[in-house]
Amino acid sequence: MRVSRFLLATLKETPSDAEIISHKLMLRAGMIRKLAAGLYTWLPLGLRVLHKVENIVREEMDNAGAQEVLMPTVQPAELWQESGRWDKYGHELLRFEDRHAREFCLGPTHEEIITHLIRHDIRSYKQLPANFYQIQTKFRDEIRPRFGIMRSREFLMKDAYSFHLDQSSLQKTYDLMFETYSKIFKRLGLKFRAVLADTGNIGGNGSHEFHVLADSGEDAIAYSTTGDYAANVEMAQALAPNGERPQATAPMTVVETPNQHTIDEISQFLKVKPSQCVKTLLVKGKNGLVALVLRGDHTLNAIKTAKYPDISSPLTFADPEEIRELVGCEIGSIGPVNLNVPILVDHGAAHLADFICGANKEGQHLSGVNWGRDLPESQSVDLRNVETGDPSPDGNGVLGIARGIEVGHIFQLGKTYSQAMQALVLDEQGHSVILTMGCYGIGVSRIVAAAIEQNHDKSGIIWPQNIAPFTIALLPMNMHKSQRVREVAEDLYNTLQAMDIEVLFDDRKERPGVMFANAELIGIPHRLVIGERGLDKGEIEYKGRRDQSAQSVPMDNVVEFIKERLEMNAL
RNA sequence: CGGGGUGUGGCGCAGUCUGGUAGCGCAUUCGACUGGGGGUCGAAAGGCCGGAAGUUCAAAUCUUCUCACCCCGACCA
């Protein structure tokens, strides 16, 4: 591709609404342009990357025996009513009517559509298992789209759905998809990690997320530093402390704590560690309020907590008015002693003796409080977020915490949708069996942004070779002045093109600095510079995007040299 | 949806408080010089100041309404 014939829409300045590095660089490199909140146009440069990601995903899905289909973006309400999600999904589902006043929505996901298809077209166990996927535009009317393509309302997703006679068949396909995803992210050239995940509102049991590791990631991942365990912090289990609880040594005493509310304030005021305090949070339960008791230095995990049967899901804090009515004090003075609501105690808090807590009276706390003496002993549960250094739940080493961007998610759906929508097949005995399902998503457009978050420097993007928009930037110095430079450049361009190497040939009448800056900003992995200077010595200059400095390559060897370079970088 | 903020040539911004001829940098076009890290000089094109209503001799500027966008919170690939 000649730059003179290509929309290279690079910017020197960053548009003011870009927050994170990938968004800034995608705008500056001329990959995307915003149309409206959460809606983006892909420019030629960006689309080349998107297509590369898409093709790698497609190839690996095909290799895994999945079949590609393409379902509509616009979906009829009836199917969503049948699955029960028309009412459950909320405002993220964009709904509208057609001219006949029939209700439709823009598909945020396609379980209903594929289940509808399969219940008509798959009748026999002989057709199972089967796995169908599509690479298609999704629409989710996010409350707050942000970070450019990372969290947009319209985005490109690969979604796959598998159908099975039983759980063991699902497990096989699930494992195969796990492997396939690992292959995909390896080929994309990204550092990633598969983690145990929460199933969210899609429903079902087993689930893993695939995260691209990047400091800017929105998710926290807990992993064993010595073993295989890895889980989203949302999910990661916090073990009960080992050993016996220490003996009670102090009497329970009321202490005056005027205007001291937060754990920090209390612990400083009373000169104790936050870990010797207890915090009591009131949340809404199925029958009135429920108190959650955690150690002062621990943080509540809303996802895990909302799974306890008495707790409302999603987790919702009690209103200050409700608290005043029930306890008679403000939020900072609540404690579990003589609190007239059901109490859930975290393992950490249950292991404390002689602890500090609110006295349910403004300006007072209790010290020397002990379970079983000052308040009833209760079974402890897991309510908190794990922290760096916690023991790993698999008993293997301790946990570390890393940041990640969720780019893939696989679920064992089970019969949630097939049951609701009556997707049945006949088994070997001629009995009707409800299908068992799995679903497997990859955020194709998000991967583009995640790749940049993971691979960039001051000058711009550094594409992994397999998803780079072009493989080589061919930069002639002052070609308009030198016939010799022009000839060598044109010649090399044609040779590389003939080898099916994607070359971006900067044939503009630009100054060298502009060419260098542009090539680096858009992240082309390999650069060849042709100038009078080098030609005098019969040399062409090569520099990899990550290299510190350039090297000279004899002109006659340059094609061979490039071939080797590309193979070295390819997987 | 709650809280905070911004709308002025394509992009980044000043001007608004204190009403009086719409500005700067980048980008674009033309010319000259320059030619290995976003170069210099000169010339040009491009904006009814988000929209509507009002106050006023006069509104980018004041008032009211409205729309859009951004940031912080709960959702998710």
Side-chain angles (χ1 to χ4, degrees), chain A residues 8-20 23 27-28 30 33-39 53 57 89-93 108-110 135-160 181 197-202 207 209-212 218-219 232 234 302-303 306 313-317 404-411 439-450 458-460 475-482 485 508-521 527 529-534 541 543 550:
Chain A
L8 193 65
T10 55
L11 304 171
K12 266 196 206 174
E13 282 166 305
T14 310
S16 57
D17 52 9
E19 185 83 355
I20 58 168
H23 189 195
L27 288 168
R28 284 194 54 211
R33 288 290 181 260
K34 186 173 77 173
L35 178 64
L39 302 175
V53 174
V57 171
Y89 217 94
H91 291 293
E92 223 176 275
L93 186 65
T109 175
H110 281 69
I135 296 172
Q136 194 248 16
T137 298
K138 298 279 183 277
F139 191 92
R140 294 182 191 174
D141 202 356
E142 296 272 353
I143 300 170
R144 192 151 90 79
R146 66 186 129 166
F147 303 149
I149 225 72
M150 187 78 87
R151 181 184 297 283
S152 50
R153 292 195 292 176
E154 190 176 302
F155 59 97
L156 193 65
M157 178 168 165
K158 187 282 300 177
D159 46 329
Y181 274 37
D198 180 50
T199 47
N201 60 8
I202 295 189
S207 172
E209 288 169 353
F210 287 78
H211 287 260
V212 166
E218 284 191 274
D219 287 282
N232 195 311
E234 287 179 349
I303 305 279
S313 180
L315 193 80
T316 317
F317 283 100
I405 301 165
E406 186 188 350
V407 289
H409 203 158
I410 59 179
F411 294 90
C439 85
Y440 318 93
I442 289 185
V444 176
S445 42
R446 180 179 280 183
I447 283 173
V448 177
K458 290 122 279 161
S459 308
L475 310 183
M477 302 290 98
N478 302 309
M479 183 168 74
H480 62 284
K481 279 202 167 170
S482 164
V485 169
R508 296 174 299 177
K509 192 183 162 190
E510 283 290 356
R511 301 171 63 86
V514 174
M515 293 185 183
F516 294 146
N518 275 190
E520 279 160 15
L521 176 60
R527 181 181 89 184
V529 175
I530 298 168
E532 287 281 353
R533 220 192 259 174
E541 177 191 299
K543 181 172 176 293

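Chain naming here is simple, since letters A, B, ... match the order of the sequence lines and numbering starts at 1 in each.
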Under 3.5 Å, sequence neighbours excluded: what are the donor-acceptor pairs made by side chains of residues 11-20 of chain A?
unit_1	atom_1	unit_2	atom_2	d
A:Asp17	OD2	A:Lys34	NZ	3.0

Inset, instruction - Give one of base, sugar-phosphate or nothing for A:Asp17, where a contact means two heavy atoms less than 4.0 Å apart. - result: sugar-phosphate

Legend entry - Non-neighbouring partners of A:Glu92 that pass salt bridge (Lys or Arg N to Asp or Glu O under 4.0 Å), sequence neighbours left out: none

Legend entry - Phosphate OP1/OP2 of B:C70 contacted by A:Lys34 side-chain N/O (<4.0 Å): yes

Legend entry - Inter-nucleotide P distance (B:A43, B:U8), Å rounded: 28 Å

Legend entry - Residue A:Asn478, side-chain heavy atoms: nucleotide from B:G36, B:A77, B:C70 that is nearest: B:G36

Legend entry - Pair assignment for B:G7, Watson-Crick or G-U wobble, requiring both distances under 3.5 Å: B:C67

Legend entry - Which residues share a side-chain contact (heavy atoms from CB on, under 4.5 Å) with A:Ala36, sequence neighbours left out: A:Leu39

Inset, instruction - Could you check whether A:Arg527 gets within reach of a base, just the sugar-phosphate, or nothing at all, counting any heavy atom under 4.0 Å? - result: base

Inset, instruction - Measure from CG on A:Asp141 to C1' on B:C1 and round the result to the nearest Å. - result: 13 Å

Inset, instruction - Could you pull out the closest heavy-atom pair between A:Pro145 and A:Glu142, with the gap in Å? - result: CD-O, 3.7 Å

Inset, instruction - With P as the reference atom in both, quote the distance from B:C70 to B:C13 in angstrom, rounded to an integer. - result: 14 Å

Inset, instruction - For B:G2 versus B:G20, give the span between their C1' atoms, rounded off to a whole number of Å. - result: 42 Å

Legend entry - Interatomic distance where NE2 belongs to A:His23 and C1' belongs to B:C11 [whole Å]: 14 Å

Inset, instruction - Using a 4.0 Å heavy-atom cut-off across all strands, classify A:Ile405 as base, sugar-phosphate, or nothing. - result: nothing

Inset, instruction - Only counting residues at least two apart or in another chain, list the ones meeting salt bridge (Lys or Arg N to Asp or Glu O under 4.0 Å) with A:Lys138. - result: A:Asp159

Inset, instruction - Look at A:Ser16 and B:C13 and indicate whether a side-chain polar atom (N or O) is within less than 4.0 Å of OP1 or OP2. - result: yes

Inset, instruction - Could you say whether A:Gly408 or A:Thr14 is positioned toward the 5' end of RNA chain B, judged by the nucleotide with the nearest heavy atom to each? - result: A:Thr14

Legend entry - Base-pairing mate for B:U21 - Watson-Crick or G-U, with both contacts under 3.5 Å: none

Inset, instruction - For the side chain of A:Pro15, starting at C-beta, report the closest nucleotide among B:G12, B:C69, B:G36. - result: B:G12

Legend entry - Integer angstrom distance from the C1' of B:U29 to that of B:G73: 48 Å

Inset, instruction - Can you tell me the distance, in whole Å, between the CD atom of A:Glu92 and the C1' atom of B:C1? - result: 14 Å

Legend entry - Distance, rounded to the nearest Å, where A:Met150 contributes CE and B:C75 contributes C1': 16 Å

Inset, instruction - Name the nucleic acid region contacted by A:Gly531, choosing base, sugar-phosphate or nothing; use a 4.0 angstrom heavy-atom cut-off, strictly under. - result: base

Legend entry - Complement of B:A43, any strand, by Watson-Crick or G-U distances under 3.5 angstrom: B:U29

Legend entry - Residue A:Met477, side-chain heavy atoms: nucleotide from B:G36, B:G38, B:A77 that is nearest: B:G36

Which donor-acceptor pairs under 3.5 Å do the side chains of residues 510-521 of chain A make with protein atoms, sequence neighbours left out?
unit_1	atom_1	unit_2	atom_2	d
A:Asn518	OD1	A:Arg508	NH2	3.1
A:Glu520	OE2	A:Arg527	NH1	3.3

Inset, instruction - Going 5' to 3' through nucleotides 24-32 of chain B, assign each nucleotide B (protein heavy atom under 4.0 Å from a base atom), S (under 4.0 Å only from sugar-phosphate atoms) or - (no protein heavy atom that close). - result: -BSS-----

Legend entry - Pairwise C1' distance for B:G7 and B:G12, with rounding to whole Å: 14 Å

Distance-only donor-acceptor hits, side chain of residues 148-155 of chain A, under 3.5 Å, sequence neighbours excluded:
unit_1	atom_1	unit_2	atom_2	d
A:Arg151	NH2	A:Glu218	OE1	2.9
A:Ser152	OG	A:Glu154	O	2.9
A:Arg153	NE	A:Ala37	O	2.9
A:Arg153	NH1	A:Asp141	OD1	3.0
A:Arg153	NH2	A:Ala37	O	2.9

Inset, instruction - Tell me whether A:Phe516 is stacked on the nucleobase of B:G36, counting only the six-membered base ring and applying the 5.5 Å and 30° thresholds. - result: no

Inset, instruction - If B:G2 has a Watson-Crick or G-U wobble mate with both distances under 3.5 Å, name it; if not, just say none. - result: B:C72

Legend entry - Minimum heavy-atom distance between A:Tyr181 and A:Gly408, given as atom pair plus value: CE2-CA, 4.3 Å

Legend entry - Distance, nearest 0.5 Å, that separates CE of A:Met157 from CD1 of A:Ile135: 11.5 Å

Inset, instruction - Hey, which sits more toward the 5' end of RNA chain B by its nearest nucleotide, A:Arg153 or A:His480? - result: A:His480

Legend entry - Any side-chain heavy-atom pair of A:Val529 and A:Lys543 under 4.5 Å: no

Legend entry - From B:G38, B:A77, B:C70, nucleotide with atom closest to A:Asn518 side chain: B:G38

Inset, instruction - Using the P atom on both, measure B:U61 against B:U6 and round to a whole Å. - result: 15 Å

Legend entry - Spacing of the C1' atoms in B:A45 and B:A52 (rounded, Å): 31 Å

Inset, instruction - Applying side chain to side chain contact (heavy atoms under 4.5 Å, CB included), run through A:Phe210 and A:Ile447 and close with a yes or a no. - result: CA-CA 11 Å; A:Phe210 287 78; A:Ile447 283 173; over 6 Å; no

Inset, instruction - Starting from P on B:C33, measure out to CZ on A:Arg511 and report it in whole angstrom. - result: 14 Å

Inset, instruction - Scan A:Val529 against the nucleic acid and name what it touches under 4.0 Å (heavy atoms): base, sugar-phosphate only, or nothing. - result: base

Inset, instruction - Rounded to whole angstrom, note down the C1' distance from B:C72 over to B:G15. - result: 29 Å

Inset, instruction - Report the distance from atom CZ of A:Arg28 to atom C1' of B:G10, rounded to the nearest whole Å. - result: 16 Å

Inset, instruction - Could you check if a side-chain atom of A:Val485 sits within less than 4.5 angstrom of a side-chain atom of A:Asn478, using non-hydrogen atoms only? - result: no

Inset, instruction - Can you tell me the distance, in whole Å, between the NZ atom of A:Lys509 and the C1' atom of B:G38? - result: 17 Å

Legend entry - From CD1 (A:Ile442) to CD1 (A:Ile410), nearest 0.5 Å: 9.5 Å

Using atom names, set out every protein N or O paired with an N or O of nucleotides 72-74 of chain B below 3.5 Å, distance rounded to 0.1 Å.
unit_1	atom_1	unit_2	atom_2	d
B:C72	OP2	A:Arg144	NH1	2.7
B:C72	OP2	A:Arg144	NH2	2.3
B:C72	O5'	A:Arg144	NH2	3.4

Inset, instruction - Compare the minimum distances between each of B:G35, B:G38, B:G36 and the side chain of A:Arg533, then state the nucleotide with the smallest one. - result: B:G36

Legend entry - Touch class at under 4.0 angstrom, heavy-atom based, for A:Ser459 against every strand present: nothing

Inset, instruction - Name the nucleic acid region contacted by A:Asp159, choosing base, sugar-phosphate or nothing; use a 4.0 angstrom heavy-atom cut-off, strictly under. - result: nothing

Inset, instruction - Using atom CG of A:Asp219 as one end and atom P of B:C75 as the other, report the distance to the nearest whole Å. - result: 12 Å

